[in-house]
Amino acid sequence: MAPSHLPDTDARAVRPARAAMAILLLSVCLTSLALPGTARAQAVEDDAGDTDLAGPQDPTSGTLSPQAAGAAAAAVPIAGGAPTATGDADITGAIGDDAVVGGGLLRDQDLIRSNLRETGVDGLKSALADDDDVPGIPLGTFTLKPSIGQTVNSETTRSGDSRERRTYTETGLKGTLTSDWSRHQLSITGEGYWQRNLSGTGETKPRADIDGALRLDISHDTMATLRAGYSFDREDATDPNAINGAETQAGVNQYSLGAGIEHDFGILRGSAKVDVNRLTYSDVDLSDGTTLSQKDRNRDVGTLTTRIGYELSPALIPFLEASIGRGVYELRSDSLGYSRSYKTYSGRAGVEADLGEKLKGELALGYNTYRFDDARLKNLNGATIDGLINWSPQRGTDVMTGLSTTLEPSTTSGESGALAYTLSSRVTHELRSALVARLSNSLTFRNYPSGSASSDTKVWLTGAGLTYDINRYLALTGDVSYERTTPDRGQATSVARIGVGLTLRR
């Protein structure tokens, strides 16, 4: 038997093993505690360092590669729940401040929260950038995305020393129907607004618009488009062709058809399109209870436009464009005995730019002329400037700037019409994950030929609004606007509006 004072060799062997096991367990615990914070910190670091998207990107599309998306999804848990505010229905563009994670969206707030939002039971994405994130209603190979809104508004109109005020409700219905085909695409968009006066006096202004477009992918280099649409609006009292003292101005119905084709010839890009529009005007209700027919304003307008562009680079394409058109009035002569049918010719030169998600658009300069059948009417001629630029200076902020030139035929005795230049801008900014602010402005200069009896006019319109997403399907909106029409001769007219409402979307 071994002496009792000698050390036990088995015990000596076990002690180091137990110590090593304890150290290993302690390291695992520390690592498990440290990893979540490290993942969150790394995600915030990546997001702060990249102005667009967190993580490695596909250089051609500007979006996360599948490998990066999968790695991010594994590192950061996806939270569900809170939506992002949408911009005004009317206008446009995604407004987001998101990092793409595993094909979904993850808010920056989620990255720094210690108590992440509970995942939705329906597996929907955690944030809304715009209506595209609303799942919609599947209808076979189509997806329907409807929305309905109700607003209460107050409007004050001042003209000289007179003032008119009304309070009214406006109900709006919008919807998009889009196909999900492997080739080609059919999209239909529509909206309609109805007003009802609650107090005061003033003319209600219903409006509606529906458009359909069918894109046909003929080949890799050739694409054709078929279009059809209808719109209704009521002329404003400040319109140059409005009837003074009318109880209800004329309603304008516009029916449109179009077809176009585009083809790439290597570094050259060519396109041609035909547009046909029919405009009809309803009778004007006068204040004495009688009506005034506007049938002599009904007309059909057809335009053929061709464009050729030269691809200096994928981001820069200068182009030349020419168009010819014909406008034919339903009545050979109007109520004043003028034959107002006309021919129109125009040419433009410009450049189209696409610098990615941050900046894209086009700008063109040209010349346009209207030549009337009646020799007593002066031709309308003038330089034109047209363009549209979309700029995103930072994530969550979108700026749209537009320039347009239109020739507006007149119905005033002996008047040909006016050349109208419009400069417009719209800014949307995401203040928070569910709150978006909007600011819009437009300025129109309406110029008549020298010697005209009609007065040149300036129209300024400005507005601001907020949209707060209560949840994915319900949004609270608020808007204010001010419009001022100032003729060189005569009284100025101003209209101020303020309204709040709710929008329900699916």
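Computed over heavy atoms, backbone and side chain alike; hydrogens, waters and symmetry mates excluded.
- Between the side chains of N153 and R497, no donor-acceptor pair of N or O atoms lies under 3.5 Å.
- Between R269 and E262, every side-chain heavy-atom pair lies at or beyond the 4.5 Å cut-off.
- Using a 4.0 Å cut-off between charged side-chain N and carboxylate O, E203 and R234 make a salt bridge.
- In this structure, D386 pairs ionically with R348, as a charged nitrogen and a carboxylate oxygen lie closer than 4.0 Å.
- Between the side chains of T280 and N298, no donor N or O sits under 3.5 Å from an acceptor N or O.
- For the pair D283 and K295, the salt-bridge criterion is not met [side-chain N within less than 4.0 Å of a carboxylate O].
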Do Q254 and N277 pass the side chain to side chain donor-acceptor pair (under 3.5 Å) test, and can you show the C-alpha distance, the side-chain angles, and the key distance before you say yes or no? CA-CA 7 Å; Q254 180 170 338; N277 296 276; 3.2 Å; yes
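- Side chains of R438 and T467: a donor on one and an acceptor on the other come within 3.5 Å.
- Taking 4.5 Å as the limit, every side-chain heavy atom of M400 sits out of range of all side-chain heavy atoms of W391.
- In this structure, the side chain of T167 does not engage the main chain of S199 through any donor-acceptor pair within 3.5 Å.
- Counting only N and O atoms by type, the side chains of S323 and S346 include a donor and acceptor under 3.5 Å apart.
- A cation-pi arrangement is present between R207 and Y193 under the rule of less than 6.0 angstrom and at most 45 degrees off the ring axis.
- Contact check for S410 versus N241: side-chain heavy atoms found under the 4.5 Å cut-off.
- One side chain, N368 or T344, offers a donor N or O that lies under 3.5 Å from an acceptor on the other.
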H429/Q394 under side-chain contact (heavy atoms from CB on, under 4.5 Å): CA gap, chis, key distance, verdict: CA-CA 9 Å; H429 178 66; Q394 65 181 33; 3.6 Å; yes
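- No side-chain heavy atom of W194 sits under 4.5 Å from any side-chain heavy atom of T204.
- At least one side-chain heavy atom of L380 sits less than 4.5 Å from a side-chain heavy atom of F372.
- Looking at heavy atoms from C-beta onward, Y342 lies in side-chain contact with Y329 at the 4.5 angstrom threshold.
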When you look at Q150 and T171, which way does the side chain to side chain donor-acceptor pair (under 3.5 Å) test go after all the steps? CA-CA 5 Å; Q150 182 70 57; T171 304; 2.7 Å; yes
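- Within the structure, ring pair (Phe, Tyr, Trp, His ring centres under 6.0 Å) contacts touching residues 227-246 (residues at least two apart or in different chains) are Y230-Y255.
- A search for salt bridge (charged side-chain N to carboxylate O under 4.0 Å, His left out) contacts involving R506 returns nothing, not counting sequence neighbours.
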For S219 and D221: C-alpha separation, side-chain torsions, deciding distance, then whether side chain to side chain donor-acceptor pair (under 3.5 Å) applies. CA-CA 5 Å; S219 69; D221 297 324; 5.6 Å; no
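- R166 and Q195 form a side-chain donor-acceptor contact under 3.5 Å, judged by distance and modelled atom types alone.
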Residues V459, R446; criterion side-chain contact (heavy atoms from CB on, under 4.5 Å); working and verdict: CA-CA 8 Å; V459 181; R446 185 175 288 116; 4.2 Å; yes
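- Side chain of S231 to backbone of G229: no donor-acceptor contact under 3.5 angstrom is found.
- Remark: D217 pairs with R215 by the salt bridge (charged side-chain N to carboxylate O under 4.0 Å, His left out) rule, at least two apart or across chains.
- Salt-bridge check for D296 with R340: failed, with every basic side-chain N at 4.0 Å or more from each acidic carboxylate O.
- Between E235 and K205 there is no salt bridge, since none of the side-chain N atoms of the basic residue sits less than 4.0 Å from a carboxylate O of the acidic one.
- Between P409 and Y370, some side-chain heavy-atom pair lies under the 4.5 Å cut-off.
- Remark: Y448 pairs with no residue by the ring pair (Phe, Tyr, Trp, His ring centres under 6.0 Å) rule, at least two apart or across chains.
- For residues 176-190, every residue pair satisfying the side-chain hydrogen bond (donor to acceptor under 3.5 Å, both in side chains) rule, not counting sequence neighbours, is listed here: T141-W181.
- Scanning for salt bridge (charged side-chain N to carboxylate O under 4.0 Å, His left out) contacts around R165 gives an empty result, with sequence neighbours left out.
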Would T291 and D285 count as a side chain to side chain donor-acceptor pair (under 3.5 Å) here? Give the steps. CA-CA 5 Å; T291 61; D285 296 329; 5.6 Å; no
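- Atom OH of Y281 is separated from atom CG of N253 by 10.0 Å, given to the nearest 0.5 angstrom.
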